[in-house]
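When a residue number appears, it is its place in the shown sequence, counting from 1.
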Amino acid sequence: MTGAPARTLLLWCPDWPVLAAEIVDGVPATGPVAVLHANRVVACSERARAEGVRRGLRKREAQGRCPQLTVVEYDPGRDARAFEPVVAAVEELVAGVEVVRPGACAVAARGPSRYLGGEEAAAERIIEHVAQSCLVESQVGIADGVFAAGLAARAGRVVAPGGTPEFLAGLPVEALGRSALADLLRRLGVRTLGDFAALPAGDVLARFGFDGALAHRLAAGRDHRPLAVRQPPADLTVTSEHDEPIDRVDAAAFVARALAEQLHERLAGHGLACTRLGIEAVTEHGQELHRVWRHDGLLTAAAIADRVRWQLDGWLSGSNGRAGARAARPTAGIIRLRLVPDGVIAQAGLQAGLWGETGEERERAHRALSRVQGILGPEAVVTAVLGGGRSPADQVRLVPWGDERLPARPEAPPWPGRLPPPAPAVVLPRPLAATVHDAAGEPVVISARLAVSAAPARLVVGTGQPAEIVGWAGPWPVDERWWAPAEARRRARFQVSLADGAALLLAVESGQWLVEAIYD
């Protein structure tokens with residue numbers, strides 16, 4: 001590699017994991033806060049440092065030094081999500097931003113310095129803009145190369161062109177960020193980056209390997225790694241403005257098709273397809289309407305047009321409330337319509353069916369159910385999703401048609417007290433009161449130790465006729481939330497088969513028999 005490292009401007013937000021915890025989870029960063037990973041401190045707030053908390057301490061030692069310490073688990077996803085607005089704010093001023101890690105991003109210094117009136121002026125402008133846009137304090141360092149710029153940012157310095165080796169020479173070897181190498185170098189008497197850079201490159205490679213050779217180049221200020229700039233996300237939304245308000249369904253259908261084709265072309269130009277579509281409308285009186293449509297496949301131009309038309313029809317006819325109710329029609333026509341591709345994937349990211357595209361019958365059913373949703377609302381058409389839980393009612397979750405079919409509870413690990421298969425075919429929305437008697441006509445009771453007083457022989461549901469029990473199994477006890485007396489529930493379940501061929505799921509709670517479900 002030849003040539004000098006490129007001038008780099010790096011923005012650094014001190015204690016970013018702590019700030020991310022405040023932004024996302026509301027943990028006040030002004031107090032003593034420590035972020036832990038593998039039971040060791042990886043970041044801490046300024047007040048925690050004043051109490052003696054340092055990176056690398058174990059949790060117990062950190063809490064011993066600061067008893068009021070608030071402990072937060074390390075979450076790299078949280079740090080990245082919280083840092084995205086900061087990167088977006090930097091991109092509003094300069095182009096070609098590289099995210100070094102959550103809390104630090106870099107750009108080539110040449111463009112901002114020429115456009116904003118010099119390197120120091122660019123640094124001040126970026127710091128001020130991030131503070132105003134995101135309410136986040138930051139520091140900027142400028143030097144030759146990303147590595148030196150990161151160290152300069154911690155001191156808030158602008159290193160003169162060509163002065164990077166001199167700037168690095170006085171820093172300790174721990175600045176390399178390689179704890180094992182730094183410990184070894186110190187034991188060999190090499191304490192600063194200047195001392196390390198003075199060693200022959202061949203000897204460093206032979207003694208410390210390729211990673212040591214890379215660290216040797218960084219210590220000498222020969223960081224030739226080019227910036228891996230990210231591309232700002234493309235604006236994929238499409239909007240149409242209308243001088244004449246749209247208040248008729250036929251006019252809405254015409255607008256829907258034109259806007260859908262425009263959105264589909266824009267997505268295709270980026271090699272993307274839409275799976276979740278947001279439809280937004282603004283009326284002449286300023287009323288804002290919004291609805292999100294989901295699809296388990298790729299939304300084609302025709303599918304997008306259909307959904308927009310259905311939604312506009314529902315809004316304009318005032319019939320897009322819940323099933324059995326009519327929503328109020330907008331007080332004025334629509335003057336602005338906006339389509340937002342809320343969920344996009346690569347065009348080749350969805351596997352087609354074994355025999356080609358989705359079957360015609362399934363597509364027709366999907367269009368019909370989506371049409372019903374457009375008229376009656378998303379909650380009008382629901383499907384069941386199985387998940388974890390102990391009772392049959394807990395294991396089923398109803399989700400609107402087209403929504404992501406995610407279980408409310410995980411199925412694994414196995415739930416203690418869960419009924420064995422098969423699952424009942426019908427789960428009653430409200431259990432029915434019942435009585436169970438033995439062969440002598442005495443009520444069957446369950447003791448606290450789950451002992452059955454006698455074999456169940458007859459069942460009466462409500463005020464119905466007695467039914468003979470020819471088989472039964474159980475009990476399956478469940479003792480839930482015993483640690484919270486107000487929410488605690490203790491019950492036992494039985495499976496019974498009747499002489500007429502019916503099979504029921506019974507439960508005993510507080511001495512009362514209940515019919516919970518019916519087997520097919």
When rounded to the nearest 0.5 angstrom, what is the spacing between CD in Glu61 and SG in Cys66?
13.0 Å

Output yes when a side-chain donor or acceptor of Arg40 lies under 3.5 Å from a complementary backbone atom of Lys59, and no otherwise.
no

When you look at CZ of Arg54, are more than 12 heavy atoms from neighbouring residues, nucleotides or ligands closer to it than 6.0 Å?
yes

Side-chain donor/acceptor of Asp223 to backbone N/O of Val146, under 3.5 Å
yes

Rounded at 0.5 Å granularity, tell me how far CD1 in Ile142 sits from CG in Leu9.
4.0 Å

Does Arg338 reach the main-chain N or O of Thr237 with its side chain, forming a donor-acceptor pair under 3.5 Å?
no

Would you mind checking if Glu51 and Arg47 are paired as a salt bridge, meaning a charged N to carboxylate O distance below 4.0 Å?
no

How long is the gap from CG on Leu428 to CD on Glu516, to the nearest 0.5 Å?
8.5 Å

Could you check whether any side-chain N or O of Thr8 sits under 3.5 Å from a backbone N or O of Ala6, counting only pairs where one atom can act as donor and the other as acceptor?
yes

Counting neighbours of NE2 on His290 that are heavy atoms of other residues, nucleotides or ligands and sit closer than 6.0 Å, is the number greater than 12?
yes

So, for Ala62 and Leu69, which heavy atoms are closest and what is the spacing to 0.1 Å?
CB-CD2, 3.8 Å

Taking the side chain as everything from C-beta on, heavy atoms only, tell me whether Leu214 gets closer than 4.5 Å to Arg222.
no

Any Lys/Arg nitrogen of Glu174 or Arg186 sitting under 4.0 Å from an Asp/Glu carboxylate oxygen of the other?
yes

Look at Asp79 together with Arg101 and state whether they make a salt bridge at an N to O cut-off of under 4.0 Å.
no

For Val42, does its backbone N or O pair with a side-chain atom of Arg55 as donor and acceptor, under 3.5 Å?
yes

Heavy-atom closest pair (Val24 atom, Ala82 atom, distance to 0.1 Å) is CG2-CB, 4.0 Å

With distance as the sole test, does Arg336 use its side chain to make a donor-acceptor pair with the main-chain N or O of Ala281 at under 3.5 Å?
no

If you count every heavy atom of other residues, nucleotides or ligands that lies below 6.0 Å from Arg7 atom CZ, does the total exceed 12?
yes

Could Arg489 and Glu480 be called an ion pair, given the rule that one side-chain N must be under 4.0 Å from one carboxylate O?
no

Would you indicate whether the side-chain heavy atoms of Leu277 and Val340 approach each other to under 4.5 Å?
no

For Gly77, does its backbone N or O pair with a side-chain atom of Asp75 as donor and acceptor, under 3.5 Å?
yes

Is there a side-chain contact between Leu505 and Pro392, using heavy atoms and a 4.5 Å cut-off?
yes

Quick check on Trp483: does its CH2 atom have over 12 non-hydrogen neighbours (other residues, nucleotides or ligands) under 6.0 Å away?
yes

Trp12 ring centre to Arg154 NZ or CZ under 6.0 Å, with the angle to the axis within 45°?
yes

Leu263 side chain reached by Ile304 side chain, heavy atoms, under 4.5 Å:
yes

For the residue pair Cys44 and Arg49, what are the closest heavy atoms and their distance?
O-NH1, 2.9 Å

So Val173 and Thr192, do their side chains get closer than 4.5 Å, heavy atoms only?
no

Please check: side-chain N/O of His216 versus main-chain N/O of Ala197, any donor-acceptor pairing under 3.5 Å?
yes

Please walk me through it: do Leu36 and Val72 pass side-chain contact (heavy atoms from CB on, under 4.5 Å)?
CA-CA 6 Å; Leu36 269 67; Val72 180; over 6 Å; no

Once rounded to the nearest 0.5 Å, what's the spacing between atom CZ of Phe196 and atom CG of Leu185?
5.0 Å

Give a yes or no on whether Glu92 atom CD has more than 12 heavy-atom contacts from other residues, nucleotides or ligands under 6.0 Å away.
yes

To the nearest 0.5 Å, atom CG of Leu168 lies from atom CZ of Phe147 at 6.0 Å

Sidechain-backbone polar pair: Arg490 side chain, Glu509 backbone, donor-acceptor under 3.5 Å:
no

For Pro112 and Ala122, which heavy atoms make the closest approach, and how far apart are they?
O-CB, 3.7 Å

Flag side-chain contact, heavy atom, 4.5 Å: Gln63 against Val71
yes

Say you draw a straight line from CG of Leu171 to CG of Leu176; how long is it, rounded to the nearest 0.5 Å?
9.5 Å

Please report the shortest heavy-atom distance between Ala121 and Leu116, naming the atom on each side.
CB-O, 3.4 Å

Looking at Gln139 and Ala153, would you say the former's side chain and the latter's main chain have a donor-acceptor pair under 3.5 Å?
yes

Asp25 versus Arg78: any side-chain heavy-atom pair under 4.5 Å?
yes

Side-chain contact test, heavy atoms from C-beta onward, threshold under 4.5 Å: evaluate it for Val308 versus Gln311 and give yes or no.
no

Start with the C-alpha gap between Leu289 and Ile279, add the side-chain angles, then the distance that decides, and say whether side-chain contact (heavy atoms from CB on, under 4.5 Å) holds.
CA-CA 8 Å; Leu289 308 172; Ile279 305 174; over 6 Å; no

For Ala29 and Val18, which heavy atoms make the closest approach, and how far apart are they?
CB-CG1, 3.8 Å

